[in-house]
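Below, all heavy atoms of this structure are taken into account, side chains as well, without hydrogens, waters or symmetry copies. Here is how names work: the chains are called A, B, and so on, in the same order as the sequence lines, proteins then strands, and each is numbered from 1.
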Amino acid sequence: MTSHLWSRRSSLVEVESETRVVLLDLDDLAHPPRILAGPAAAVWVAADGSRDTEAVCAEVARYFEISAQDIRTDVETFLSDLVAEGLLVGGPA
Amino acid sequence: MSALQDAGERLTQTEAAPLIYVLTTTVAARTETRALAIKGVVLAHHGLRAPRVSGDVDVIVHPDDLDRFLAGMESAGWTANATTTTPKLLEYHSVDLTNDHWPMSIDVHSYFPGFLAPADEVFDRIWARRVEFDQAGHPVPATDLVSSAVVAALHYLRHPGLAHKQAAMETLAELATPLFAPGSQNATDLVAFARDTGCVRPLTPFLERLGLPTTPVHPAEETGYERWRLATTADPRMAWWLEFRALPLRRRPAFLWYALMLEDEELRTYHGDRTVSTPLWRLRVERWKRVSSHLAGATRQKFSGRRQR
């Protein structure tokens, strides 16, 4: 997972506030809008196409002022969830 | 963090509105229909209203495209609420779309009261002037400054007796005055647009306030204005009486029965208590009570008026 640069699907429209991100998938308009809050929103914001898993962990850790090692498993799991939901794609680093 | 979405999180109207505008624009593109954002945030975009979140999103669709657009919205999970068939002083002008996953409804107009020219002609004029504004990073077609000002003014002038509409009209006039100074291009465009869409007479209080000419030219203003005048000055329930009076005698009993009972769906939608559990008979009885109370009040007012004379 570490070799991927994580980026968002191009069909997604997003509205971002300080602690939340709301997503609408234009390829699936009937799907309810997805709400990412707190750490989930932080991971989403970090996965902007310029970061791999290491860098996403580092960015989220920096934001919450905690150790990247402490959140690595959670972040990896969540990145997998986002891929499974078709929201995030992993490209070559 | 592993759960993608906390079930307790609720979408706010501030978050929903821009996404809904993008959604309706996408549906319009995919159904090859013409749809424009009107009112609400569009007015704020043009400086005709203070920025604030509206309770719903309004779009106007070409009358010929309405069914296709609504089918597209239905595919996207939105449901059209039952349209009431009760008599109206002005033609019913929008379809209300709701979706349990979204915190606000969408009003889809194919016609806007106050424009007395044919609806397709009016839409073509509005469409020709359209602009795009940014919502959630996407371009959304919307009414331009001129048509936005006219739509807003007609909206407020539809209920001239309501204090909050008067206040909104006052604010609109204050904000519009520097934008439509007599002799400016905006003012020239506003007058031409009002003439072309047959709304000079309904719009006269607004035009006078801006110091602009109020001479109608569209033939529809001759035929349609009386209905507008009545609708904006009479009690809306007067529509029942007017329709009853216009009916041939043989159709009046069925009309009275309908007036008494209404269709189940419209009773639930327009006279319900936002639940599906209240029995229809109870909603009917509550409505009868309200009607009786209104009739009693109106009768008292009438006799009191006579005594004073």
Begin from the C-alpha positions of B:Arg30 and A:Leu26 and carry the test side-chain contact (heavy atoms from CB on, under 4.5 Å) through to its verdict.
CA-CA 11 Å; B:Arg30 288 182 188 163; A:Leu26 298 184; 4.0 Å; yes
[X] [atom1]: over 12 foreign heavy atoms closer than 6.0 Å:
X: B:Arg125; atom1: CZ; answer: no
X: B:Glu170; atom1: CD; answer: yes
X: A:Gln69; atom1: CD; answer: no

Nearest 0.5 angstrom please: B:Glu15 CD to A:Leu24 CG, how far?
12.5 Å
Rounded to the nearest 0.5 Å, how far apart are CE of B:Met73 and CG of A:Leu29?
8.5 Å
Output the residues of residues 7-17 of chain A for which the shortest heavy-atom distance to chain B is under 4.5 Å, in residue-number order; output 'none' if no such residue exists.
A:Val13, A:Glu14, A:Val15, A:Ser17
Answer with side chain, backbone, both or neither: which region of B:Trp78 has an atom nearer than 4.5 Å to a non-hydrogen atom of chain A?
neither
Of all the heavy-atom pairs spanning A:Ala30 and B:Ser75, show the shortest one and how long it is.
CB-O, 3.7 Å
On a heavy-atom basis, which atom in B:Leu11 and which in A:Arg20 lie closest, and how many Å separate them?
CA-NH2, 3.8 Å
